[in-house]
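Computed from a prediction, not measured in an experiment: that's the story for all the values here. Worth knowing before you read on, the calculation uses all heavy atoms, side chains too, and leaves out hydrogens, waters and symmetry mates.
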Amino acid sequence: MSRTEQLIRQTGVEEKSRGRWLALSVLVLAVLLVAVDATVLGLATPSLSEDLKPSGTQLLWIGDIYSFVIAGLLVSMGSLGDRIGRKKLLLVGATAFGAVSVLNAYATSPEMMIVARALLGVAGATLMPSTLALIRNIFTDPRERSLAIGIWGATASAGAAVGPVVGGALLQHFWWGSVFLINLPVMIALVLVGIKLLPESKNPVTGPWDLLSVGLSLVGVIGVVYAVKEAATHGLTWEVAVAAILGAGALYGFVRRQFTLPSPLLDMRLFRHRGFSGAVLADLLTVFGLSGLVFFLSQFLQLVQGRGPLEAGLAELPAAIGAVVTGLVAGRYARRYSVRSVVTGGLAAIGAALAVLTVIHKESGYPVLGAALLVVGLGAGFSFTVTADVILSSVPKEQAGSASAVSETAYELGAALGIALLGSIVTGVYQSFTAPASVSGPVADAAHESLGGAVEAAKTLDPQTAAHMVGAAQDAFVDGLRLASGVGAAVLLATAAAAWFLLRGQRLQDGVEH
């Protein structure tokens, strides 16, 4: 080979390598879009509650309907991306996500907000599977792919940090709807740059998109999660039983149908791989243990400890910083030691940090809370990055969309269940507080709906009575938060033990794919 040919070949390799990383920069914008949206909602909850005046149940629906819908559609959207092209689905979804964010910003009632969040879930379901599937196809070198997944996860964590800080700054000067409008510039940049830089990829051998399977998946997930949520909040009723039976029946029908289709939406044989199943289960239970706590943490910082929105956002930064740091090195450590040691250690660290939060109280100093959040972030960065790598490495790249969708479904389903169950624990304990005897029925009822409702209702009372009622409400809220943290800690420690056995012998790939 001549010197000129060597230079041409080397230049081509460098351009291809540079193109991969430029494409990754577009994908992480999509992750940033979703991460920012998820975190700003919790920060905006107090202001939103004051303006829209949702009931306690409506507030939970506003918090978790996005996760319900996105979890129900992720598998379907991942499969659709495999068929029509992941780039195409990503860009269409990003455009819809930005447009629906405007609807969220200008919602005028709790019911409208719930519908807007549901529509946002439909758009969001197109984004995450597409980003991971494209990473799986763009990065054929497993070590490069591990780093790319680390950057992908670190961006999600950074978005979780940027959301509260930027959202807090906006809430200092504008109304709560402004926190949703920050999605627009990110979406515009993603679409314009993505058209130029992203390569298209899809499964070359696919059949039609089975609409019956799409419906079964959506009805099944929403039905089961709704039943769990309502049972935790109101106990077993005939409505809960109907929802549970309908959801379970739909999921059973979905699984049976996948075995009969020549081109299923989800290849159920993926779950025969122990590493794949173990990683999916670890993700689901980890997010379950974390999500209920995260949803109520902003309320604790603002409504119990009296911090402003921006200060509350800055107070949550250690978790994101920890996740960014460990996410970037997780793949390297998993190869040096083992997959199961890194994942198990990360999960155990999160469990220990949540256990510490069982002793917090209204006057707890920030160093304790900040240190616990840092440990949570460090553990999550290790665990989530390595499990995502395991899931993607366990399947052929043609099935990357379906595998990514399973990973994201576990994440979103865990979030929905966590908010439903752990959130219901917080709400159940909170509603047991006793209002002052002089407080009238309607005011007391409003105070028992949510902590934000209690703070708002107290404005109609004399200062002494108001201070008494808000103090009792805050104590009850903290009691519920401590109990939810204890349940979350138990779930995480049990998940760590399960991961140790399920991920036995699992290794990340080293050889370049051809």
Side-chain angles (χ1 to χ4, degrees), residues 28 31-32 34-36 38-39 42 67 128 132 146 149-164 278-298 315-334 339-357 369-391 407-408 410-415 417-419 422 484-485 488-500 503:
V28 298
V31 177
L32 190 68
V34 177
V36 167
T39 53
S67 294
M128 300 302 277
L132 268 180
S146 293
I149 292 172
I151 295 172
W152 178 87
T155 303
S157 300
V162 169
V280 170
L281 181 64
D283 282 354
L284 189 151
L285 294 178
T286 301
V287 178
F288 171 86
L290 283 173
S291 58
L293 171 70
V294 171
F295 183 72
F296 286 98
L297 188 59
S298 291
E316 296 177 24
L317 272 177
I321 292 172
V324 168
V325 170
T326 53
L328 294 176
V329 300
R332 187 189 312 164
Y333 276 79
V339 166
R340 74 170 182 173
S341 63
V342 172
V343 174
T344 299
L347 297 176
I350 301 172
L354 293 182
V356 170
L357 295 181
L369 182 61
L373 287 172
L374 178 62
V375 174
V376 165
L378 292 171
F382 274 129
S383 176
F384 286 132
T385 303
V386 175
T387 53
D389 204 339
V390 168
I391 289 169
S407 173
E408 294 302 323
Y411 187 97
E412 296 298 339
L413 190 57
L417 289 172
I419 292 175
L422 300 184
S485 298
V491 170
L492 263 298
L493 293 174
T495 304
W500 180 259
L503 298 177

Closest heavy-atom pair and its distance - A496, A348: CB-N, 3.9 Å
Partner residues of T387 under the side-chain hydrogen bond (donor to acceptor under 3.5 Å, both in side chains) criterion, sequence neighbours left out: D283
Side chain to side chain donor-acceptor pair (under 3.5 Å) contacts in which one or both residues fall within residues 341-355, not counting sequence neighbours: S338-S341
Separation of F384 CZ from I149 CD1 (nearest 0.5 Å): 14.5 Å
Nearest-0.5 Å distance that lies between atom CG in L285 and atom CG in L492: 8.5 Å
Closest heavy-atom pair and its distance - V343, S383: CG1-OG, 4.0 Å
Which residues share a side chain to side chain contact (heavy atoms under 4.5 Å, CB included) with A352, sequence neighbours left out: none
Gap between atom CG of L369 and atom CG of L373 - 0.5 Å precision: 4.5 Å
V375 vs I350, side-chain contact (heavy atoms from CB on, under 4.5 Å): CA-CA, chis, key distance, verdict: CA-CA 6 Å; V375 174; I350 301 172; over 6 Å; no
Residues that A334 engages under side chain to side chain contact (heavy atoms under 4.5 Å, CB included), provided they are two or more places apart: V339, V342, V386, L508
Over all atoms of both residues, closest heavy-atom pair of A355 and A489: N-CB, 3.6 Å
For L374, all residues meeting side chain to side chain contact (heavy atoms under 4.5 Å, CB included), sequence neighbours excluded: P318, L378
Minimal non-hydrogen separation, A349 against G379, with atom names: CB-CA, 4.4 Å
Point-to-point distance, once rounded to the nearest 0.5 Å, from CG of L284 to OG1 of T495: 9.0 Å
Set of residues satisfying side chain to side chain contact (heavy atoms under 4.5 Å, CB included) with respect to A315, sequence neighbours excluded: L301, Y366
Stepwise side-chain contact (heavy atoms from CB on, under 4.5 Å) test for T326 and T385: CA-CA 9 Å; T326 53; T385 303; over 6 Å; no
